[in-house]
There are 2 protein chains.
Amino acid sequence: MTFEKLADTLKALADPTRLKIISLLRIRDCCVCELVPIFNISQPAISKHLSRLKTAELVRETRKGQWVFYSLNEKRLAETGLALSHLPDLSEHLKKLEEQGLLVTCE
Amino acid sequence: MTFEKLADTLKALADPTRLKIISLLRIRDCCVCELVPIFNISQPAISKHLSRLKTAELVRETRKGQWVFYSLNEKRLAETGLALSHLPDLSEHLKKLEEQGLLVTCE
DNA sequence: TTCATACATAACAATATGGTTATATGGTGA
DNA sequence: TCACCATATAACCATATTGTTATGTATGAA
């Protein structure tokens, strides 16, 4: 996972409302109208949060008649948590700096 | 960790430049002037990123003579990754909705 | 003291974010 | 077909984010 992609996913997670939605979806799938009364924000606001989570592939949607149910992509969420402990390696960057004499040593 | 606090920490992480800084600090402590030539942004921009990471307690700073060295708070980073798999439980919220007859069942 | 270097802060601008209300879309059922 | 319900989208606004340049502050050395 690139730094840019991971940053995008973390941005999708970095909001209390969206984290709460994810926590709720861990219990069971929910449709939009169930989520609205939990938060003190409008239905379009909830829709936009869900859309943001969907773009980040953190949730999936399934239409069931009138309702659209959202479900958690547990795999994607777990991946993201793990990615923080396995960031791409930048050792070569430091090597290049060394070659250019840009590293500071002051111990 | 509350949803709000976790969201703040994730916001601090949700930027490619800051993720790269963290990846570099994993290799070794760096001072600001070492980080500047790696990124195509100004010294004040780097300072602000480091300040953001420091506020989130993801890095610590130590002055050594002219230089200020930043080091990674590995514990805080690991904690944050794990927190995604252990979000606060919202089961009671769902229960309250059930009592209020706000849950949808359409299977 | 005086100058240079490393870093932080201030003031500003462009864009992103997260909310609102109004409206469009799509499915259900009389 | 028509009305209704659930959801999405559009247009808008306030604030946050992320960069810039200019300037202030702290340390080290002449």
Side-chain angles (χ1 to χ4, degrees), chain A residues 3-5 7-22 25 29-56 58-71 97 101-107, chain B residues 3-4 7-22 24-25 29-56 58-71 97 101-107:
Chain A
F3 291 104
E4 284 72 18
K5 172 86 172 168
D8 280 345
T9 307
L10 291 172
K11 265 181 200 150
L13 289 168
D15 176 272
T17 301
R18 289 195 289 271
L19 287 175
K20 284 174 195 163
I21 289 175
I22 285 177
L25 292 183
D29 298 358
C30 293
C31 63
V32 182
C33 66
E34 288 176 318
L35 295 172
V36 170
I38 299 179
F39 303 95
N40 275 338
I41 58 177
S42 62
Q43 171 265 315
I46 297 286
S47 269
K48 282 208 290 187
H49 281 304
L50 288 167
S51 167
R52 194 104 157 65
L53 290 172
K54 204 182 87 178
T55 301
L58 286 161
V59 305
R60 300 194 194 87
E61 64 173 39
T62 315
R63 178 173 281 277
K64 289 187 182 173
Q66 284 177 288
W67 300 279
V68 176
F69 277 75
Y70 284 84
S71 58
L97 283 185
L102 289 170
L103 292 192
V104 170
T105 45
C106 67
E107 326 286 335
Chain B
F3 290 104
E4 285 71 19
D8 280 346
T9 306
L10 291 172
K11 264 180 200 148
L13 289 168
D15 176 273
T17 301
R18 290 195 289 272
L19 287 176
K20 285 173 196 165
I21 289 175
I22 284 178
L24 286 166
L25 293 183
D29 297 359
C30 292
C31 63
V32 183
C33 66
E34 288 177 317
L35 295 172
V36 170
I38 299 178
F39 303 95
N40 274 338
I41 58 177
S42 62
Q43 171 266 314
I46 297 288
S47 269
K48 281 207 292 186
H49 281 303
L50 288 167
S51 167
R52 194 105 158 64
L53 289 171
K54 203 182 90 179
T55 302
L58 286 161
V59 305
R60 300 194 193 86
E61 64 172 40
T62 316
R63 178 173 281 277
K64 288 188 185 174
Q66 283 177 288
W67 299 279
V68 176
F69 277 75
Y70 285 85
S71 59
L97 283 185
L102 288 171
L103 292 192
V104 170
T105 44
C106 66
E107 327 285 336

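- Here the C1' atom of nucleotide C:dA6 and the CG atom of B:Asp29 are 17 Å apart, to the nearest Å.
- When each of B:Ile21, B:Val59, B:Leu35 is checked for a side chain to side chain contact (heavy atoms under 4.5 Å, CB included) with B:Cys30, only B:Leu35 meets the rule.
- Counting only heavy atoms from C-beta on, B:Arg52 has its side chain closest to D:dT18 among D:dT18, D:dT7, C:dA8.
- A straight line from CG of B:Leu13 to C1' of D:dT18 spans 16 Å, rounded to a whole angstrom.
- Along DNA chain C, the nucleotide nearest B:Glu61 and the nucleotide nearest A:Ala14 are compared for position; the residue whose nucleotide lies closer to the 5' end is B:Glu61.
- The distance from atom NZ of A:Lys20 to atom C1' of C:dG18 is 14 Å, rounded to the nearest whole Å.
- At whole-Å resolution of the value, CG in B:Leu53 and C1' in C:dC7 are 16 Å apart.
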Could you list the donor-acceptor pairs under 3.5 angstrom formed between side-chain atoms of residues 13-20 of chain A and any protein atom two or more places apart in sequence or on another chain?
residue, atom, partner, partner atom, Å
A:Asp15, OD1, A:Thr17, N, 2.9
A:Asp15, OD1, A:Arg18, N, 3.1
A:Arg18, NE, A:Ala12, O, 2.6
A:Arg18, NH1, A:His49, ND1, 3.0
A:Arg18, NH2, A:Lys11, O, 3.2
A:Lys20, NZ, B:Glu4, OE2, 3.3

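- Looking at A:Ser51, its side chain never comes within 3.5 Å of a backbone N or O of A:Ser47 through a donor-acceptor pair.
- Atom NZ of A:Lys64 is separated from atom C1' of C:dT28 by 17 Å (rounded to the nearest Å).
- In this view, A:Lys5 satisfies the side-chain hydrogen bond (donor to acceptor under 3.5 Å, both in side chains) rule with no residue, not counting sequence neighbours.
- A 4.5 Å side-chain heavy-atom check between A:Tyr70 and A:Glu34 finds every atom pair outside the cut-off.
- Residue A:Tyr70 is classed as a sugar-phosphate contact, given heavy-atom separations below 4.0 Å to backbone atoms only.
- Protein atom CG of A:Leu35 is 15 Å distant from nucleotide atom C1' of D:dA8, rounded to whole Å.
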- request: Any chance you could list the contact pattern along nucleotides 20-27 of chain C? Use B for base contacts, S for sugar-phosphate-only contacts and - for none, protein heavy atoms under 4.0 Å, 5' to 3'.
  value: BBB----S
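- In this structure, the CD1 atom of A:Ile46 is 11 Å from the P atom of D:dT7, given to the nearest Å.
- For B:His49 and D:dT17, the shortest distance from a side-chain N or O to OP1 or OP2 is not below 4.0 Å.
- Exactly one residue among B:Val32, B:Asn40, B:Ile38 makes a side chain to side chain contact (heavy atoms under 4.5 Å, CB included) with B:Val36. That residue is B:Val32.
- Nearest-nucleotide positions on DNA chain D for A:Ser47 and A:Lys11 put A:Ser47 closer to the 5' end.
- Remark: the backbone N or O of A:Thr62 is not paired with any side-chain donor or acceptor of A:Arg60 at under 3.5 angstrom.
- Rounding to whole angstrom units, NZ of residue B:Lys54 and C1' of C:dT9 are separated by 13 Å.
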